[in-house]
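So the structure is just underneath, and the comments pick up after that.
Protein chains get the first letters and strands the later ones, always in sequence-line order, with residue 1 at the start of each. Hydrogens, waters and symmetry mates are skipped; everything else that's a heavy atom, side chains included, is used.
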Amino acid sequence: MPKNTTRPAKPPAGHHFKNLVAAPHFVYSSPQNSPTPPPPGVDAAVIANLVLTSANSKTLTETLLKPRRFRWSTDLVDKTLKRLWNHGPKALQFFKILDHSSHYSHSSSSFDLAVDIAARLRDYKTLWTLVDRMRSRRLGPNPKTFAIILERYVSAGKPDRAVKIFLSMHEQGCPQDLICFNTLLDILCKSKRIEKAHNLFKIFRGRFRADVVSYNILANGWCLIRRTSKALELLKEMVERGLSPTLTTYNIMLKGYFRSGQIREAWEFFLEMRKRKCELDVITYTTIVHGFGIAGEVSRARRVFNEMVEEGILPSVATYNALIQVLCKKDSVESAISVFAEMGRKGYVPNSVTYNLLIRGLCHAGEMDRAMEFMGKMKEDECEPNVQTYNLLIRYYCDAGEIDDGLGVFDKMNCEHCLPNLDTYNILITSMFVRKKPEDLIVAGKLADAVVFLGTSDCNLHLTCILLRSRIKG
DNA sequence: TTAGGGTTAG
């Protein structure tokens, strides 16, 4: 069996994951006999559903372009595209249908989303066709479009191609500047290609007038691969060139020390920051609380958490999340829940990260019923369970052999209009293979069909599906 | 959407 190695699908560049999952639960009934058009706020979920369930392109075109049926706007199109994120081919089909409509013209943000989707599918022909279309309509491509393209090429394992595209940007009507250069460095660093980024930096730092942001990006890159000494070396060079470190620079180093397990160095660095009267901020403290906690020093983490308030710096939801994660991992889920309660008393609104941390903590403690209860509570705080919430519950149920409960969560997910991703299918299909009940294979087969429908590029999962189908046929 | 903090388990 292929290992369960898929990661949650990357959200559209620059958009927070939570935007992808909001799922109002109203079902839109087709107004066949109704003379009035649907309300202007007709939900993207409804349209996404129509796109997903349409039999073919012709009927979908007719439905979408029916006069006065939908009031198309950039917002509605963008929301629909984000909803169809894990259904790339369908999303592009939707985009193309509207693109050919004479009553509606896409805006550049929708083009950027379509470019992102095509790039994620590694459908480079469509990608560049879209870019051409953008250009002919004078909507771009802009620096953001290129940032998306570069990021996708790098994550597809084509960093050299990305560099070439960057160097040819000006020929495509989008001149490079320092910001674009820094963006490329950051993309390379975030994909752990620090050497490549550093070499590029050395070649072009004069031409683009590299600044403290460029240095911070590279220092963070070295820290990401736990090479704090390389980061320090770079920062020394920065100072020699007359650039002053910023608070971001210090926070990067601090995180770097914790990441590489240099707890003592981290603490000394922090003391030094204080001694030099650096204006510490909430990020500094969140880094320390999380760093100490993950290193197992929970009481120190708590002490710093209390100290920050005395220093006049209020914790953020992220600080609470750091503490909650630490307590779940290194103390007990009960103490995490009491911090969660304290958070509420102080007027903080927990977000989906908070909930997912607690739900995971409860699952880990074997308290599946309470975990499900917590998921129910999310709506009270206006944060819908997202694909990660569902996936983690499904994973814990399946790992415990409770596949039927896992499938129950999967059904719930569908009812709430939260689209499953590759991870979801991977977890379910894999666990059904483990149980090997004949009736499971039927369900797994249906799931496999759904994966094929997704048009995924995940080879492992594809292989699983092919295997499944052949076993069911045999 | 130019840089720094908070979600897996193995």
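- Base engagement by S316(A) is indicated by at least one non-hydrogen atom pair under 4.0 Å involving a base atom.
- Among the heavy atoms of the strands, none lies under 4.0 Å from V289(A).
- Rounded to whole angstrom, the span from the NZ atom of K190(A) across to the C1' atom of dT1(B) amounts to 12 Å.
- Contact annotation: K144(A) side-chain N/O to dT2(B) OP1/OP2 distance is not under 4.0 Å.
- Rounding to whole angstrom units, CZ of residue R360(A) and P of dT8(B) are separated by 5 Å.
- Taking side-chain N and O atoms only, K255(A) has a distance below 4.0 Å to OP1 or OP2 of dG6(B).
- Ring geometry for F181(A) versus F166(A): interplanar angle of 30 to 60°, hence tilted.
- Residue-level contact check: T319(A) touches the bases, meaning some heavy atom is under 4.0 Å from a base atom.
- Listed candidates were dA3(B), dT2(B), dA9(B). Nearest to the side chain of I179(A) is dT2(B).
- Among the atoms of the strands shown, only primed sugar atoms or phosphate atoms (P, OP1, OP2) are found under 4.0 Å from some heavy atom of I217(A).
- D177(A) has its CG atom 9 Å from the P atom of dT2(B), to the nearest Å.
- Candidate nucleotides dG5(B), dA9(B), dT2(B) were compared by shortest atom distance to the side chain of T183(A), and dT2(B) ranks first.
- Dashed line: the shortest gap from a side-chain N or O of H290(A) to OP1 or OP2 of dG6(B) is under 4.0 Å.
- Put simply, CG on D423(A) is 14 Å from C1' on dG10(B), counting in whole angstrom units.
- Here dT8(B) presents its C1' atom at 13 Å from CG of N421(A), a figure rounded to the nearest Å.
- If you take atom P in dT1(B) and the same atom in dG5(B), they sit 12 Å apart, rounded to whole Å.
- Between the base of dG5(B) and the side chain of T286(A) there is a donor-acceptor pair shorter than 3.5 Å.
- Defined by atom type and a distance below 3.5 Å, a donor-acceptor pair is missing between the side-chain atoms of D78(A) and T74(A).
- Between I394(A) atom CD1 and dT8(B) atom P there is a gap of 17 Å when expressed in whole angstrom units.
- In this structure, L323(A) places its CG atom 18 Å from P of dG5(B), rounding to the nearest Å.
- Rounding to whole angstrom units, CD1 of residue I313(A) and C1' of dG5(B) are separated by 13 Å.
- Contact annotation for N356(A): base contact, defined as any heavy-atom pair under 4.0 Å involving a base atom.
- Residues S316(A) and T319(A) have side chains that bring a donor and an acceptor to within less than 3.5 angstrom of each other.
- Listed pair Y396(A) / dA9(B) meets the phosphate criterion, a side-chain N or O lying under 4.0 Å from OP1 or OP2.
- Counting heavy atoms of neighbouring residues, nucleotides and ligands inside a 6.0 Å radius, atom NE2 of H364(A) does not exceed 12 of them.
- Here T284(A) lies out of heavy-atom contact (under 4.0 Å) with every strand.
- Closest to the side chain of A318(A), from the set dT8(B), dG5(B), dT2(B), is dG5(B).
- In this structure, D281(A) reaches the bases: a heavy-atom distance under 4.0 Å links it to at least one base atom across the strands shown.
- Counting any heavy atom pair closer than 4.0 Å across all strands shown, N351(A) reaches a base atom.
- Residues Y397(A) and D404(A) bring no donor and acceptor atom of their side chains to less than 3.5 Å of each other.
- Within 6.0 Å of CD on E272(A) lie more than 12 heavy atoms contributed by other residues, nucleotides or ligands.
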